[in-house]
Participant: 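Attaching a single structure in structure tokens format; questions to follow.
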Protein chains: 2
Amino acid sequence: MVVIKKTPTIQDVARHASVSAATVSRVLSSPERVSETTRERVHAAVRDTGYTMNQAARSLRLKAARTILLAAPNIGNPFYSTIVDAVIREAAVRGYSVLVASRIGDDPNRWLRDYLLSNRADGLLLFDGSLDTGALHGLWDDGVSLPLVAAYDEIPDPQINSVITDNRLAASRAIRYLRELGHSKIGHIIGPSRNQSTNERLVGFREGMHEAGLQVRPEWLFQGSYNMESGIAAAEWFLAADELPTAVFCGNDEMAIGLIHRLRREKIDCPLDISVIGFDDIAVARYFDPPLTTMRQPREDIGKMATRSLIDIIEGTVPENEPIHVVLTSDLVVRESTRRIG
Amino acid sequence: MVVIKKTPTIQDVARHASVSAATVSRVLSSPERVSETTRERVHAAVRDTGYTMNQAARSLRLKAARTILLAAPNIGNPFYSTIVDAVIREAAVRGYSVLVASRIGDDPNRWLRDYLLSNRADGLLLFDGSLDTGALHGLWDDGVSLPLVAAYDEIPDPQINSVITDNRLAASRAIRYLRELGHSKIGHIIGPSRNQSTNERLVGFREGMHEAGLQVRPEWLFQGSYNMESGIAAAEWFLAADELPTAVFCGNDEMAIGLIHRLRREKIDCPLDISVIGFDDIAVARYFDPPLTTMRQPREDIGKMATRSLIDIIEGTVPENEPIHVVLTSDLVVRESTRRIG
DNA sequence: GAAACTCTTGTAATCGATTGCATTGATCTT
DNA sequence: AAGATCAATGCAATCGATTACAAGAGTTTC
């Protein structure tokens with residue numbers, strides 16, 4: 001049978017080094033307050049015993065978990081997963097762990113309580129604008145100061161820190177590009193309306209159309225849900241119209257992929273018969289056939305900046321009364337799914 | 001200025017309900033030991049105060065964090081992200097949180113210590129067979145019993161619990177299928193060799209070839225790294241050979257996508273000129289052009305089963321001396337990237 | 001009616017790390 | 001040389017929840 005040695009505590013290390021637990025603690029957190037000789041003895045004892053700090057005890061005492069909570073609507077989505085990866089890496093650099101909550105839509109109040117208020121996490125990185133902000137405000141009103149950064153998807157509240165991209169500008173940029181290629185019959189696949197990013201992109205689309213002096217035709221507008229299936233549904237919606245648009249601006253790459261896939265079944269070729277421009281530049285976009293023209297979202301940067309901001313707020317190295325608002329730029333990546341008309 | 005109310009403790013609830021903290025604790029964990037009237041009073045007090053248990057204190061006392069650590073080589077990869085999603089959902093059902101560590105390759109010893117031994121997590125879900133098992137054994141030998149489940153990628157140690165798929169069988173199955181379509185010139189893109197799954201698939205490939213009475217030709221074997229870029233590299237490797245294979249079995253879908261993409265640039269069409277079969281069935285596989293024939297991995301099930309097993313082990317509801325070994329079945333999904341020869 | 005039992009609740013110790021305050025001994029100042 | 005100053009370390013309280021044990025009240029039994 002395996003002998004289970006208890007994991008050593010700070011007391012064990014103290015005994016081993018013939019000092020008090022207080023001294024061991026000091027060696028670990030403020031070494032300059034301890035003499036060189038004891039410091040070395042303690043370090044040796046730490047090595048010998050294989051000591052690791054008990055985080056639960058530390059969290060209890062310091063009221064800080066050195067952990068952030070990342071909440072996203074669906075981690076399974078490749079768009080989010082890249083961000084998550086960036087968040088985890090950046091958090092690790094600052095010595096923080098990351099708890100991940102997915103599919104948070106169900107009962108936001110519950111997990112907010114469960115995680116944040118129970119000292120499991122020191123702050124919240126929210127990647128879901130569709131969350132009912134009432135819950136957040138409820139906490140706020142109760143006087144709980146909740147370190148929170150809304151990332152990627154804006155929450156329409158200037159008090160809430162945010163790291164987002166220039167969705168509106170990017171959308172109108174996409175339309176201008178299509179216009180430059182000679183397109184005038186332009187459709188748009190919208191994302192789910194609960195997302196603020198969706199609405200921003202829609203506004204940008206309308207602005208772009210207006211600037212170009214083009215009409216927005218309702219039969220060329222389709223509301224999807226940011227997945228490939230809804231790209232298919234959009235294709236079928238467009239096919240049912242009297243006339244097809246010659247170009248479609250899609251709210252994200254996955255819907256673009258679904259759209260192209262479905263249209264191809266009807267022998268409608270992209271980019272020959274229809275130009276398609278996506279949004280995000282997910283990994284597969286450049287290897288798809290045709291390689292997708294898309295508005296690239298700096299996903300790594302979103303994750304990194306958001307994490308950095310949140311930890312700054314948690315650690316109080318940033319003034320509390322001035323909300324942080326970072327807007328990152330999306331770049332147009334021209335590939336082969338768009339083409340000059342004619 | 002916002003008044004910061006301290007988050008209520010169990011003491012506050014006790015005072016509010018005019019009982020002792022012990023009673024409140026009992027109401028929350030073993031309600032049947034408390035009389036109905038006090039139970040109601042306490043519940044009311046919990047509601048009134050908005051009490052949430054301090055997890056740090058609870059973890060410290062119970063030496064259990066109700067948290068599992070999920071470690072994967074790269075969360076950004078869409079293959080893993082689906083699994084992660086399933087893990088988080090299943091863990092939530094059992095009342096567990098999930099800490100996620102990505103890019104763990106760098107210093108396994110460090111994060112093992114940091115997370116597991118420091119009472120931050122009660123068990124480890126390891127999605128990376130490339131991890132040096134020495135580190136794990138080191139802990140084991142030190143007498144620390146570490147609830148561990150290796151998922152998806154096997155660790156070659158019968159003592160370690162695992163939830164994997166039938167990689168070898170699936171690979172030989174893929175070859176048999178290609179053989180049925182009349183192919184005899186079959187290549188293979190291997191994954192990174194540190195992964196056990198890769199090796200199993202390679203063995204299955206060899207077995208399948210042997211059963212079919214076919215030679216494995218080294219110029220039709222390429223070692224990639226499970227990403228699209230290495231699919232491209234593989235294409236270039238094959239193009240450099242005297243002759244192209246008529247079918248390629250890819251270690252995963254992403255390499256298949258890269259391969260098809262690159263070959264198309266050379267006017268080599270899939271499936272007309274070459275059949276390609278992938279592995280995993282990632283989300284984009286069915287919408288790719290051509291839709292990918294692939295060996296589907298039951299990713300949701302992997303995540304679910306692994307999580308379930310790990311929590312069973314943590315909670316001791318499963319005999320300790322009998323390692324768990326679950327092998328899930330991969331299914332052949334026939335789409336359009338493969339084709340009868342001739 | 002007293003002993004034995006059950007049911008409910010409270011008291012106090014405990015988990016492990018941190019830190020304000022106290023103590024000791026050494027060095028410095030005038 | 002006596003007092004002041006400083007560096008290094010220990011003591012003990014603390015964070016909040018859990019639980020073994022004790023105690024009190026009410027019930028049952030012979």
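Predicted model only: the values in this text are computed from it and were never measured. Letters go in sequence order (proteins before strands), and every chain restarts at 1.
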Participant: Tell me, please, which residues at least two apart from B:Thr38 pass side chain to side chain contact (heavy atoms under 4.5 Å, CB included).
Facilitator: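 For B:Thr38 the side chain to side chain contact (heavy atoms under 4.5 Å, CB included) partners, ignoring immediate neighbours, are B:Val19, B:Val34, B:Ser35, B:Arg41.
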
Participant: Run the side chain to side chain donor-acceptor pair (under 3.5 Å) test against B:Arg39 and tell me which residues pass, sequence neighbours left out.
Facilitator: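 B:Arg39: no side chain to side chain donor-acceptor pair (under 3.5 Å) contacts found.
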
Participant: What does the inter-axis angle of the helix from C:dG1-D:dC30 to C:dT30-D:dA1 come out as, five pairs per end, nearest 10 degrees?
Facilitator: 50°

Participant: Taking salt bridge (Lys or Arg N to Asp or Glu O under 4.0 Å) as the test, write out the residues that go with A:Arg308, two or more places apart.
Facilitator: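 With sequence neighbours excluded, A:Arg308 shows a salt bridge (Lys or Arg N to Asp or Glu O under 4.0 Å) to A:Glu90, given in chain and number order.
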
Participant: C:dA17 P sits how many Å from A:Arg15 CZ, rounded?
Facilitator: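 Computing the A:Arg15:CZ to C:dA17:P distance gives 12 Å.
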
Participant: Quick one: are B:Pro31 and B:Arg26 in side-chain contact, heavy atoms under 4.5 Å?
Facilitator: no

Participant: Closest nucleotide of DNA chain C for A:Ala56 versus for A:Ser29: which of these residues is on the 5' side?
Facilitator: A:Ala56

Participant: For A:Arg61, give me all partners under side chain to side chain donor-acceptor pair (under 3.5 Å), at least two apart in sequence or on another chain.
Facilitator: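 For A:Arg61 there are no side chain to side chain donor-acceptor pair (under 3.5 Å) partners, ignoring immediate neighbours.
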
Participant: For residues 60-79 of chain B, which residue pairs qualify under ring-ring contact (aromatic ring centres under 6.0 Å, His included), counting only residues two or more places apart or in two chains?
Facilitator: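 Output for this query lists B:Phe79-B:Tyr152.
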
Participant: Walking along DNA chain D from 5' to 3', note the first and the last nucleotide with an atom under 4.0 Å from a heavy atom of chain A, and give both.
Facilitator: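 On DNA chain D, the outermost contacted nucleotides are D:dA8 to D:dG16.
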
Participant: Using side chain to side chain contact (heavy atoms under 4.5 Å, CB included) as the criterion, list what pairs up with B:Ile164, not counting sequence neighbours.
Facilitator: B:Glu154, B:Ser162, B:Val327

Participant: Who passes side chain to side chain donor-acceptor pair (under 3.5 Å) against B:Arg15, sequence neighbours left out?
Facilitator: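 Here the qualifying residues are B:Asp12.
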
Participant: Can you measure A:Arg66 atom CZ to C:dT18 atom P for me and round it to whole angstrom units?
Facilitator: 11 Å

Participant: Which residues pass the salt bridge (Lys or Arg N to Asp or Glu O under 4.0 Å) test with A:Asp312, sequence neighbours left out?
Facilitator: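 Expected list: A:Arg94.
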
Participant: How would you list, by chain and number, every residue that makes a side chain to side chain donor-acceptor pair (under 3.5 Å) with B:Thr82, sequence neighbours excluded?
Facilitator: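 If we apply the side chain to side chain donor-acceptor pair (under 3.5 Å) test to B:Thr82, skipping adjacent residues, the hits are B:Arg299.
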
Participant: Produce a footprint string for nucleotides 4-13 of chain C: one letter per nucleotide, 5' end first; B if the base is under 4.0 Å from any protein heavy atom, S if only the sugar-phosphate is, - if neither.
Facilitator: ----SBBB-B

Participant: Mind checking B:Leu62 for me? I need base, sugar-phosphate or nothing, with any heavy atom below 4.0 Å counting as a touch.
Facilitator: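 Counting heavy atoms under 4.0 Å across all strands, the contact made by B:Leu62 is with sugar-phosphate only.
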
